[in-house]
Amino acid sequence: TAPLKVFQPLFIAPSLPASMATGEEAFGQVQIFNYGDKPLTVTMTAQPSDGLRVEVTDLPITVPANEVVAVAVRVVALTPGKQTVTFIAASNGVQDAAVARITVE
């Protein structure tokens, strides 16, 4: 056995409502963390399930070294059920993905 150091300079953390009503509009954010020693210009895409419409604003965005920046997200609930949004952020060969789950009633 040997020690294994794992380091990911870019990662994201979505913060969206856990539940919504059909037709409701909500706002949330996705935090972008840059633990690298250089600024990153980050692009992000949102891949919602069929029951949601999602808009990400203010992209691309520059995240300074060792900083965190929040990006605004608008969500509209279209149909009832368990819905998901997969966010994918990328910059200069590094990327991260995170899934947010929303129950629409």
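Judged purely by atom type and a 3.5 angstrom limit, T57 uses its side chain to pair as donor or acceptor with the backbone of A72. At least one donor-acceptor pair closer than 3.5 Å links the side chain of Q83 to the backbone N or O of G51. Although no hydrogens or angles enter the test, the distance criterion places no donor-acceptor pair under 3.5 Å between the side chain of T84 and the main chain of A100. Judged by distance alone, the side chain of T103 and the main-chain N or O of K82 form no donor-acceptor pair under 3.5 Å. Side chain of N34 to main chain of V63: a donor-acceptor pair is present (N/O by atom type, distance under 3.5 Å, no hydrogens or angles).
Clustering ILVMFWY residues whenever any of their side-chain heavy atoms sit less than 4.5 angstrom apart, transitively, puts I61 in the very cluster that holds V54. In this structure, V30 is not a member of the same hydrophobic cluster as I88, with clusters built from ILVMFWY side-chain heavy atoms closer than 4.5 Å. V75 and L78 sit in two unconnected hydrophobic clusters of ILVMFWY residues. Membership requires side-chain heavy atoms under 4.5 Å apart, directly or through other members. By the rule that hydrophobic residues join a cluster once side-chain heavy atoms approach within less than 4.5 Å of another member, V71 and V76 end up as members of separate clusters.
Looking at S15 and Q29, their side chains never bring a donor and an acceptor atom within 3.5 Å of each other.
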Which side-chain N or O atoms in residues 16-23 pair as donor and acceptor under 3.5 Å with protein atoms at least two apart or in another chain?
from: T22; atom 1: OG1; to: E105; atom 2: O; distance (Å): 3.0

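The distance from the CG atom of D96 to the OG atom of S91 is 12.5 Å, given to the nearest 0.5 Å. Between atom CD of residue E67 and atom CG of residue L40 there is a gap of 12.0 Å, rounded to the nearest 0.5 Å. M44 CE to I32 CD1: the interatomic distance, rounded to the nearest 0.5 Å, is 4.5 Å. The structure places CD1 of I102 at 9.5 Å from CD of E24, a figure rounded to the nearest 0.5 Å. To the nearest 0.5 Å, atom CZ of residue F27 and atom CD of residue E55 are 8.5 Å apart.
Atom CZ of R101 has 12 or fewer neighbouring heavy atoms from other residues, nucleotides or ligands inside a 6.0 Å radius.
Minimum heavy-atom separation, L52 to A77: CD2-CA, 4.0 Å. Residue Y35 comes nearest to N66 through the heavy atom pair O-OD1, 3.5 Å, listed as atom of the first residue, atom of the second, then distance. Closest approach of T41 to P60, counting heavy atoms only: CG2-CB, 4.0 Å. Of all non-hydrogen atoms in R74 and E25, the two that sit nearest each other are NE-OE2, 2.7 Å.
The shortest distance between side-chain heavy atoms of V85 and V99 does not fall below 4.5 Å. Side-chain atoms of L10 and V42, non-hydrogen and from C-beta on, do get closer than 4.5 Å to each other.
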